[in-house]
Amino acid sequence: MSTNTPSAQSHRQMLGAAVVRHLPGMRHGPSTLEQADRGLFLLWLAYMGLLVFGAYLLWALGAWHRLVQADPTRLTLVIVALFAGCSLWAGRRAWVLGQQRQQLDRLRETGSTSDEGWVGEYLRHVSRPGQSADIAMQLLGERAHGPHEMAWWLNGIQLKLGLLGKVIGFSILALQLGQVESFDPSQSSRLLRDLTGGLGIALLTTVTGLTGNILLGLQLMRLDRFADVLVADALAAGLVPAPSETESPDGDWPDGS
């Protein structure tokens, strides 16, 4: 089953996803550490720890205070808040995917389909005689990848907000230039300060949007790859026929085989 819908493919063309896709090791499936118990969530937790530490260093250096003062539009704060909210959602999603991975591993070890979860429901459906697996496959793919679509859209919104701030900043710069009627050397310092205000808005919002897009794209790409492998393993487990379908209870093959 292919889970790459046209909308998902378009999402992967965004800047953050494009950069992440070319990072070393990002083209492969989940690592051994991710496949361990709660491995994906623990990796996300370590990643967020690095980001929080970096944010603390910026605060200690006064960068956040200067950022707020230099951006009267507050678009940078909106981008940061959007990034924080999406990152928290990514952590919750990593926990959910890790739970489904554990259930799949238990199902493959015990051979029972009594466990609750996406994988257990899919295996129960395909194990019933005469049941079509198409609907169960679509449902499994939607549960594994569907919620990621909104996160990818919000990731693109960060970039668009940065570009919006760039347009606003250059518009302010153009308006200030239009109000200059004559150049007075004695007022040059004030004039330069007024002109660089709009330029600062344009640069800060663009940099913040690009940074948030790349950092959130890294998290979403790992969630997508983990979900891809989870679905692939679940489909492979569903292809293994149950013992009742391959041989009779006394160990002989059914008639006509």
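No hydrogens, no waters, no symmetry mates; every other heavy atom, side chains included, goes into these values.
No continuous path of hydrophobic side-chain contacts links L216 to L163 [ILVMFWY only; heavy atoms under 4.5 Å]. Taking hydrophobic clusters as Ile, Leu, Val, Met, Phe, Trp and Tyr residues chained together by side-chain heavy-atom distances below 4.5 Å, L82 does not share a cluster with L58. The same ILVMFWY cluster, assembled from side-chain heavy atoms under 4.5 Å apart, contains both F41 and L215. Linking ILVMFWY residues whenever their side-chain heavy atoms come closer than 4.5 Å, directly or via other members, leaves I201 and V207 in distinct clusters. The hydrophobic cluster containing L40 also contains L51, counting ILVMFWY residues as joined when their side-chain heavy atoms lie under 4.5 angstrom apart, directly or transitively.
Two residues are said to be in side-chain contact when any heavy atoms from C-beta on lie closer than 4.5 Å; M137 and V231 fail this criterion.
The hydrophobic cluster containing L77 also includes V68, under a criterion of side-chain heavy atoms closer than 4.5 Å among ILVMFWY residues, counted directly or through chains of members.
The side-chain contact (heavy atoms from CB on, under 4.5 Å) check on V80 picks up W64, T208, with sequence neighbours excluded. Residues passing the side-chain contact (heavy atoms from CB on, under 4.5 Å) test with Y56, sequence neighbours excluded: W59. By the side-chain hydrogen bond (donor to acceptor under 3.5 Å, both in side chains) test, T73 is found to be paired with D71, residues two or more places apart in sequence or in another chain being considered. Among residues two or more places apart in sequence or in another chain, the side-chain hydrogen bond (donor to acceptor under 3.5 Å, both in side chains) test is passed with T206 by none.
In this structure, CD on Q103 lies 4.5 Å from CD on Q100, to the nearest 0.5 angstrom. Atoms CH2 and SG, from W153 and C86 in turn, are 10.0 Å apart once rounded to the nearest 0.5 Å. Note that CG of L235 and CG of L140 are 6.0 Å apart. Values are rounded to the nearest 0.5 Å. Distance check: F53 CZ to M48 CE gives 15.0 Å after rounding to the nearest 0.5 Å. In this structure, NZ in K160 is found 12.0 Å from CD1 in I79, a value given to the nearest 0.5 Å. To the nearest 0.5 Å, the span separating CG on L159 from CG on N213 amounts to 5.0 Å.
Sequence neighbours left out, the pairs with a member in residues 43-53 that pass side chain to side chain donor-acceptor pair (under 3.5 Å) are W44-Q219.
Looking at every heavy atom in both residues, L161 comes nearest to L75 through O-CD1, 4.0 Å. Contact detail for G212 and F83: the closest heavy-atom pair is O-CD1, 3.7 Å.
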For a quick test of your reading: what N or O donor-acceptor pairs under 3.5 Å do the side chains of residues 89-98 make, sequence neighbours left out?
{"from": "R93", "atom 1": "NE", "to": "H148", "atom 2": "NE2", "distance (Å)": "3.0"}
{"from": "R93", "atom 1": "NH2", "to": "R143", "atom 2": "O", "distance (Å)": "2.6"}
{"from": "R93", "atom 1": "NH2", "to": "A144", "atom 2": "O", "distance (Å)": "3.0"}

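A donor atom on one side chain and an acceptor atom on the other are found under 3.5 Å apart for Q158 and N155. No hydrogens or angles considered: nothing links the side chains of E149 and H145 as a donor-acceptor pair under 3.5 Å.
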Could you walk me through whether L43 and R222 pass the side chain to side chain contact (heavy atoms under 4.5 Å, CB included) test, one step at a time? CA-CA 10 Å; L43 283 178; R222 295 318 300 166; over 6 Å; no
Show the numbers, then the answer: is there a side chain to side chain contact (heavy atoms under 4.5 Å, CB included) between D233 and R101? CA-CA 9 Å; D233 290 347; R101 183 75 219 186; 2.7 Å; yes
